[in-house]
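For reference, the structure discussed in these notes is given below.
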Amino acid sequence: LINEVEELGYGEETVCFEVDSPHSTYVAENYKVTHNSSGVMMHLPMRFPHHVLDHGMIFLAHRRKILMQAYNDFKEAYPNLWVGLEMGEREATGMEDVIFASVESLGREYQMRITKYRDRKFGVVVADEGHHVKPEGTWDRVLNFFGVGSDEDRHYNIEVHGSEVKPLSVFLTATPTRNDDHTLAPFLDAVAAEMSITDGIEGGWLTDIKAHRAHDLGNVMQSDDDQATIDFLVQTYRKYLQGERTLIFAGSVDESQRLSHNLRDHDLANAAHVDAETPKDERRRIYQSFEDPSGEIDALANRLVLTEGYDNPSITAILDNAETESKPLHIQKLGRGLRPHPTANVDACDTAEERTEA
């Protein structure tokens with residue numbers, strides 16, 4: 001039951017602050033537990049209130065796990081906003097303040113699902129893993145519908161503070177380079193901020209790297225003996241990785257399956273395997289166990305399934321046997337192991353030295 005609605009406007013003086021606690025939580029008015037919200041997406045409603053509150057925001061992603069993680073985090077951070085989810089069997093009304101949407105659900109040719117948004121002119125459009133965007137692709141088809149794609153004829157303006165301005169289009173990616181002839185230039189005006197892995201490590205925002213190259217002295221990796229390759233990888237694990245929480249990138253699906261079995265058989269790790277055919281419920285169970293520091297799974301093997309958008313700060317080691325000539329792909333694999341654990345609370349530190357120590 002709503003008794004009264006009062007317009008407060010945006011002119012009230014406000015103060016932004018953070019608290020120094022292990023989980024960044026504190027008790028606000030009416031004993032509500034809230035927290036510091038990290039990431040570009042989380043700050044947009046505060047930094048651009050007119051864009052978001054007057055016109056709405058849509059967050060686009062192509063992976064279910066990325067979308068669900070962002071959706072759940074945002075709902076927790078902004079309980080007073082109307083947040084919708086557009087993915088698979090979940091459908092938004094189209095009128096929510098903020099919508100999290102799957103590019104695949106909205107962008108398939110000949111489907112009508114996207115048409116519910118034909119009267120919306122969003123103030124903010126966020127594209128996660130933005131390096132996938134290219135002219136005339138699925139991403140571009142969706143972005144053109146929302147007026148921020150490569151087709152300038154479909155661009156629009158919104159009213160902010162009495163002026164006509166373009167909507168804010170934000171592309172997020174850890175690997176802005178591509179391995180084809182396409183460029184992000186048709187979609188972007190400027191790079192707002194960037195940080196390399198080296199910058200992140202030196203600034204204490206990412207963990208340091210201790211790397212080993214396992215030498216294949218017997219050249220078994222070049223032989224046709226698949227078991228010899230598995231034995232070599234098992235020996236490598238025994239030498240370098242026992243006791244670590246390890247994400248494994250295997251050279252093939254078969255190698256991933258067999259390696260996880262062999263690690264268990266040798267009592268080196270309680271290893272599991274996932275691939276594109278792993279049932280959703282089983283995959284969810286495996287992820288939960290691997291991501292929980294006290295979970296039973298301490299090694300997870302895959303064939304390039306978990307290169308992008310997989311956020312698990314509990315990982316302490318990477319075993320990479322998936323050769324690639326792609327620098328972006330190599331960086332993505334490496335980056336899975338560089339996230340500081342939340343208990344380090346690097347956001348509460350003032351200097352790079354303090355963050356590195358944490």
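Just so you know, residue 1 is the first one in the sequence shown, and it goes up from there.
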- Hey, mind stepping through Q288 and D292 against side-chain hydrogen bond (donor to acceptor under 3.5 Å, both in side chains) and telling me if it holds? CA-CA 6 Å; Q288 288 175 346; D292 182 351; over 6 Å; no

Measuring only between side-chain heavy atoms, which start at C-beta, is [X] closer than 4.5 Å to [Y]?
{"X": "I197", "Y": "I331", "result": "yes"}
{"X": "D311", "Y": "Q69", "result": "yes"}
{"X": "M46", "Y": "V52", "result": "no"}
{"X": "Y240", "Y": "Q235", "result": "no"}
{"X": "L44", "Y": "L168", "result": "yes"}
{"X": "L268", "Y": "V234", "result": "yes"}
{"X": "E255", "Y": "D226", "result": "no"}
{"X": "L85", "Y": "L67", "result": "yes"}

Do the side chain of [X] and the main chain of [Y] share a donor and acceptor less than 3.5 angstrom apart?
{"X": "D140", "Y": "G149", "answer": "no"}
{"X": "R355", "Y": "G203", "answer": "yes"}
{"X": "R245", "Y": "A317", "answer": "no"}
{"X": "R154", "Y": "V148", "answer": "no"}
{"X": "D97", "Y": "G56", "answer": "no"}
{"X": "S289", "Y": "R285", "answer": "no"}
{"X": "E354", "Y": "D350", "answer": "yes"}
{"X": "D199", "Y": "S196", "answer": "yes"}

Of the non-hydrogen atoms in [X] and [Y], which two are nearest, and what is the gap between them?
{"X": "R336", "Y": "Y310", "answer": "NH1-O, 3.0 Å"}
{"X": "E159", "Y": "H55", "answer": "O-NE2, 2.9 Å"}
{"X": "P313", "Y": "P340", "answer": "CB-O, 3.6 Å"}
{"X": "D298", "Y": "N270", "answer": "OD1-N, 2.8 Å"}
{"X": "S260", "Y": "A272", "answer": "CB-O, 3.8 Å"}
{"X": "A61", "Y": "D128", "answer": "CB-CB, 4.3 Å"}

Do the charged groups of [X] and [Y] touch, with an N to O distance under 4.0 Å?
{"X": "R303", "Y": "D275", "result": "no"}
{"X": "K116", "Y": "E91", "result": "yes"}
{"X": "K333", "Y": "D320", "result": "yes"}

- Judged by modelled atom types alone, do H273 and S256 share a side-chain donor-acceptor pair under 3.5 Å?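 There is such a pair between these side chains.
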
- Distance-only polar pair, side chains of S105 and E86, donor-acceptor under 3.5 Å: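 No, no side-chain donor-acceptor contact under 3.5 Å.
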
- Task: List the steps and the verdict of side-chain contact (heavy atoms from CB on, under 4.5 Å) for H43 and F48.
- Result: CA-CA 8 Å; H43 291 290; F48 300 94; over 6 Å; no

In Å and rounded to the nearest 0.5 Å, what is the [atom1] to [atom2] distance from [X] to [Y]?
{"X": "D151", "Y": "L143", "atom1": "CG", "atom2": "CG", "answer": "11.5 Å"}
{"X": "M68", "Y": "D73", "atom1": "CE", "atom2": "CG", "answer": "10.5 Å"}
{"X": "I318", "Y": "L247", "atom1": "CD1", "atom2": "CG", "answer": "4.5 Å"}
{"X": "L259", "Y": "Q257", "atom1": "CG", "atom2": "CD", "answer": "11.0 Å"}
{"X": "L263", "Y": "Y237", "atom1": "CG", "atom2": "OH", "answer": "6.0 Å"}
{"X": "N345", "Y": "H341", "atom1": "CG", "atom2": "NE2", "answer": "12.0 Å"}

Linking I/L/V/M/F/W/Y whenever their side-chain heavy atoms sit closer than 4.5 Å, directly or via other members, would [X] and [Y] fall into one cluster?
{"X": "L81", "Y": "M95", "answer": "no"}
{"X": "V253", "Y": "L306", "answer": "no"}
{"X": "I58", "Y": "W82", "answer": "no"}

- Please name all residues satisfying ring-ring contact (aromatic ring centres under 6.0 Å, His included) with F122, sequence neighbours left out, ordered by chain then number. F146

- S163/H161 under side-chain hydrogen bond (donor to acceptor under 3.5 Å, both in side chains): CA gap, chis, key distance, verdict: CA-CA 6 Å; S163 300; H161 294 303; over 6 Å; no

- Query: Has R264 got more than 12 heavy atoms of other residues, nucleotides or ligands less than 6.0 Å from its CZ?
  - Reply: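 Atom CZ in R264 is crowded, with more than 12 foreign heavy atoms closer than 6.0 Å.
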
- Verify the neighbour count for atom CD of E277: are there more than 12 heavy atoms of other residues, nucleotides or ligands below 6.0 Å? no

- Residues which pass salt bridge (charged side-chain N to carboxylate O under 4.0 Å, His left out) with D254, listed by chain and number, not counting sequence neighbours: R258

- Worked verdict on W205 versus D347 for side-chain contact (heavy atoms from CB on, under 4.5 Å): CA-CA 8 Å; W205 300 109; D347 289 337; 3.6 Å; yes

- R141/L106 under side-chain contact (heavy atoms from CB on, under 4.5 Å): CA gap, chis, key distance, verdict: CA-CA 9 Å; R141 186 160 54 247; L106 294 181; over 6 Å; no

- Task: Evaluate side-chain contact (heavy atoms from CB on, under 4.5 Å) for L60 paired with W139, printing each intermediate quantity in order.
- Result: CA-CA 9 Å; L60 301 165; W139 271 96; 3.7 Å; yes

- Check step by step if side-chain hydrogen bond (donor to acceptor under 3.5 Å, both in side chains) holds for T93 and E96. CA-CA 7 Å; T93 68; E96 291 85 351; 3.2 Å; yes

- Task: Would you please indicate yes or no on a ring centroid separation below 6.0 angstrom for F74 and F100?
- Result: yes

